[in-house]
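Data block below; observations after.
Because the structure is a prediction, the values reported are computed rather than measured. Any value given below was found using the heavy atoms of this structure, including those in side chains, with hydrogens, waters and symmetry copies removed.
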Amino acid sequence: MNNWYRLEAAEVLRQLGTNQDTGLSFAEAEQRLSQYGKNELRERPPKSPWLMLWEQFTATTVLVLIAAAVVSAIWGDLKDAAAIMAIVVFNGVLGFTQEYRAGKEFAALRKMAVPKARVWREGEWQQVVASELVPGDIIQLEDGDQVPADARLLESTNLRTQESAFTGESESVEKSTAPIAGESLPLGDRTNMVFMGTIITYGRGRAVVTETGMSTELGKIADSMQSVEQEQTPLQRRLDQLGRRLALMALALVAVIFAFGIVRGERFEDMFLTAVSLAVAIIPEGLPAVVTIALALGSRRMLKRKVLIRKLPAVETLGSVTTICSDKTGTLTENRMTVTILSLAGQRVDLRETFAEITSRLDGKKSIFTPGEGTVLPPPMAFTLIGSALCNNALVPDDDEVEAAEDRPDSEVPKAMGDPTEIALVVAADRLGLDKDELEDLFPRRAEAPFDSDRKRMTTIHQIEREGDRWKYDNPSSQLLPPVPTLPDTPYVAFTKGSVDGLLQICSHVWLDDKTEPLNEEWDQQIRDRNDRLASSGTRVLGVAFRPLETVPEPGKEINVEQDLIFAGLVGMLDPARPEAKAAVQTCNQAGIRTVMITGDHPLMAKHIAEELEISKNGRYLTGQDLNRLSLPELEQQVEGVSVYARVSPQQKLSIVEALKNRGHIVSMTGDGVNDAPALSKADIGVAMGITGTDVAKEAADMVLLNDNFATIVAAVEEGRVIYDNIRKFIRYNLTGNTSGVVIMLLAPLLAMPLPLKPTQILWINLLADGLLALALSVEPAESDVMRRPPYPPNESVFSRGVGRDIIWVGLLMGIVFLLMGYYFWSNEWSDWQTMVFSTLAFSRMSLALAMRSERDLLWKKGLLSNKPMLGAVLLTFALQMAVIYVPWFQGIFETKELSGQELGISLAVSTVGFWVVEFQKLFLRARGR
């Protein structure tokens, strides 16, 4: 059905079989889920395992080998043909295993990036995975949410959605609840509907789900929007280019070796197979697989550390981050808001942690107020608490609900949903006897001006339910409130909460005891001083004000009531710094990464937390007002010396990112709101909050913190560095070994020697190097100094910092030494000299892999057991090589001879030359302080 927009809301609910008061039952939701299926788009089927396997045997280098095997068979050399095909099959199976495993890892990561939804079931708000929604579910939508399914609106409070994906219009669409006449209206005209995949940009609403999954409007055009294939990352593209250059170089070298062989009178067939094998060995065809595996496994390790990678290039860029711009609340602090202070005009109330008693200082005298003993709350306290609890969208379960769920082993304990600050305000009012549900009976909400980051405040408008001089409803909360005559003599009241500075600008009076007084300069300064004192001690402060109203403003004009308000009081909340945040900041300092705090809170509060965490040591900060006065070039001159930004708007976040990037920094930026999306997109690494973050922020981000913890960002940076280091280690190891083989084959003809290596032997060594040993390097643990060195540029050459140097000189030295060994034994007519050269080259790959596990640390310091997969790979490849030497069946395939104990010992000893050269180079470089 596609005409839900034409029906009254009550008729939609009836047709969907939904009760607005209770929502669907859990049993009914389960039944509908099995009937309609999961609320998700059907992805294009992933690449089948058979296709993966087929692609392993249709790669260019593999086709060359297959052609060589066919030619060998035609020439009658069935032994070589069988050996080459066996290696092709072995290599194909290994490549398939690598790709299949990486695909599984990426698929698992994609499944983690699913949105959640707030749904009304059995009279309770539940948070469920969006894929579990069914037609008939009633959902709540708020600013920043991604709409989880097509739905008909039941309630709309200034609700606006971004529907450009469907309509092409960049402007947000204002929503309503009234039915709309007309047949087959365009989606943009169905203003009482919301559609899956669109974004709530403003306001709040409730809706009933009408279509899910592929039946949604998004599902109908899913084929044009789906893309499950992973795009290559910048590093993968650069390595592809490297592979092509190496291929050209390999062809040139192979041509030279082929020509040398023909000139010396070698058989054409032998030289052809040798040339093909050498070309395949030179090209590091295992490199793309190793990179993919490294990225996939690294992303999985990050997930274990509570980081969800949404965009694969972020894994590479992380290791190059020079500046982390972090929000304060919940990221650097615990986000365990606890209301500790009520600062009212003329009095200050300290709330103990148990909330059992309230210590008040009135007129310099100490008095104890205990709720629940017939005492009425003083009017300023009552209005501050009422306003903070009602001007609030948090959903906090009753203690009775929690206790009842705890008593049922099979029942999930209901959790508070909403912004942690708003949850703390509701809890504070509740602990003082003012239950939010009871307050909403006494003051039902009639309209709302939602919070936005520019105004930094929120307003709700409520009807006052009274009958004469009495409350209309007699509940425990009403007994704590001041007498009805104390309240404004109007049918409605507007409550506003927000930043104190902004609130004072729209207040004209202040509540003092049981009356109001004009908000003169003296009162204004006194309130600001209290705000500053609390903020400078690390307390987060919000102001609460109200305004009596005769009528409810027209829809869309609720914001007009934010004038001539009466200031009620300040609410102070403590949010302690995370214990691990200070250590994480220190780690950043050691790693050459600067931490910058950007927050919308009071500058003195931000300064206090920043100094406590050692983010700032010079006491400097810039506020949003300061940023408004600075041009971008002027800001660029200051960003290097300022580590604290307060009262900052999302647009100003974008300016800070631009200024830092213009100064050459690689910037990571955190964000959680709708308006943070531009800054997250602009930053090199956008980081969204997984707990408090909106769906919009998560969509714009490269990675999501599942625990909203600053230390997790630092852990992700470390993982990024490790992944990039391991990819470089593989390139260094692989090409160094390849160089040694090329040197042997290139220089042997100059010494008038027969070819030292057979084609199958070259392919076997290539298989050992690009297989298990390469994979083991991709999981190498972090270097000891990984977070004690400056970040590296993200676009640096893979051959920088000694990689190219080692490939040339270590590979050249190994090749010459192995060749001279072979020349000596050949000239002395040792019959097994070719098997010795082959074995020495094969064993050298194992010792070289051990040495190249670290760029700075000796193997004894790293320890053999610190990378158990590497130890296992070395032992296995050693056993396989021994089998090639001593098992008769393998001897026939690889044309080897059984080595004596002396010959094996010589081969093993000479094979370690690369190991010792690399280890001594580490000592030399460390002695020079490099």
Side-chain angles (χ1 to χ4, degrees), residues 104-116 127-130 144 146 294-319 321 324-337 415-417 419-420 423 575-588 591 593 595 597 613 668-673 676 680 683-724 779 781-782 786-787:
K104 288 291 186 183
E105 295 287 350
F106 289 132
L109 291 174
R110 281 198 298 273
K111 288 181 180 178
M112 292 290 298
V114 294
K116 299 255 174 72
Q127 191 167 50
V128 301
V129 176
Q146 185 179 60
L295 293 174
L297 295 182
S299 299
R300 172 60 63 179
R301 288 198 303 272
M302 289 186 191
L303 187 59
K304 291 179 180 178
R305 300 178 79 165
K306 303 299 181 183
V307 177
L308 175 62
I309 297 297
R310 294 193 67 258
K311 300 174 184 177
L312 207 53
V315 179
E316 302 165 13
T317 314
L318 271 169
V321 165
I324 299 177
C325 296
S326 174
D327 193 8
K328 176 185 68 65
T329 304
T331 310
L332 292 166
T333 61
E334 294 184 3
N335 211 11
R336 284 195 300 108
M337 291 290 186
K415 297 178 181 179
M417 289 185 283
D419 181 82
I423 291 172
D575 183 17
R578 289 182 181 267
E580 65 273 24
K582 188 171 184 178
V585 171
Q586 291 173 344
T587 300
C588 285
I593 302 170
T595 306
M597 177 194 289
L613 297 176
S668 169
M669 167 68 78
T670 68
D672 56 11
D676 288 332
L680 293 176
D684 298 283
I685 298 288
V687 182
M689 302 297 106
I691 298 174
T692 60
T694 60
D695 293 336
V696 179
K698 293 173 187 175
E699 284 294 317
D702 302 286
M703 59 186 246
V704 178
L705 300 185
L706 301 181
N707 60 359
D708 292 10
N709 191 337
F710 177 80
T712 306
I713 304 176
V714 181
V717 170
E718 179 182 347
E719 287 290 353
R721 291 187 174 192
V722 171
I723 291 167
Y724 184 59
V779 296
V786 70
M787 292 301 282

Any salt bridge between Glu334 and Arg578, counting N to O under 4.0 Å?
no
Determine, step by step, whether Leu303 and Leu706 satisfy the side-chain contact (heavy atoms from CB on, under 4.5 Å) criterion, reporting the C-alpha distance in whole Å, the side-chain angles of both residues, the deciding distance to 0.1 Å, and the verdict.
CA-CA 9 Å; Leu303 187 59; Leu706 301 181; 3.8 Å; yes
Once rounded to the nearest 0.5 Å, what's the spacing between atom CD of Glu580 and atom CG of Asn709?
4.0 Å
Looking only at non-hydrogen atoms, find the nearest pair between Ser668 and Val687 and report the distance.
OG-CG2, 3.4 Å
Cys588 and Thr595 have their tightest heavy-atom pair at CB-OG1, 3.8 Å
Paired with Thr670, the side-chain contact (heavy atoms from CB on, under 4.5 Å) test is passed by just one of Ile713, Leu332, Ile685, namely Ile713
Pairwise distance CG(Asp672) to OG1(Thr329) - rounded to 0.5 angstrom:
9.0 Å
Looking at residues at least two apart in the chain, or sitting in another chain, which of them share a salt bridge (charged side-chain N to carboxylate O under 4.0 Å, His left out) with Lys698?
none
List the steps and the verdict of side-chain contact (heavy atoms from CB on, under 4.5 Å) for Tyr724 and Val315.
CA-CA 8 Å; Tyr724 184 59; Val315 179; over 6 Å; no
Residues in side chain to side chain donor-acceptor pair (under 3.5 Å) with Thr712, at least two apart?
Asn707
From Met597 atom CE to Thr331 atom OG1, the distance as rounded to the nearest 0.5 Å:
10.0 Å
Evaluate the side-chain proximity of Phe710 to Asp327: yes if any heavy-atom separation is below 4.5 Å, no if none is.
no
Write down the atom of Leu705, the atom of Asp708, and the distance for their closest heavy-atom approach.
O-OD1, 3.2 Å
To the closest 0.5 Å, what do you measure between CE (Met703) and OG1 (Thr317)?
11.0 Å
Which heavy atom in Leu613 sits nearest to a heavy atom in Lys582, and how many Å separate them?
CD2-N, 3.8 Å
Is there a side-chain contact (heavy atoms from CB on, under 4.5 Å) between Arg301 and Ile723 once you walk through the steps?
CA-CA 10 Å; Arg301 288 198 303 272; Ile723 291 167; 3.8 Å; yes
Are the side chains of Ile324 and Ile593 in touch, meaning some heavy atoms are under 4.5 Å apart?
yes
Closest heavy-atom pair and its distance - Met302, Ala716:
CE-O, 3.7 Å
Applying side-chain contact (heavy atoms from CB on, under 4.5 Å), run through Met787 and Val717 and close with a yes or a no.
CA-CA 9 Å; Met787 292 301 282; Val717 170; 4.3 Å; yes
Identify the heavy atoms of Gly686 and Ala701 that sit nearest to each other, and give their distance.
O-CB, 3.4 Å
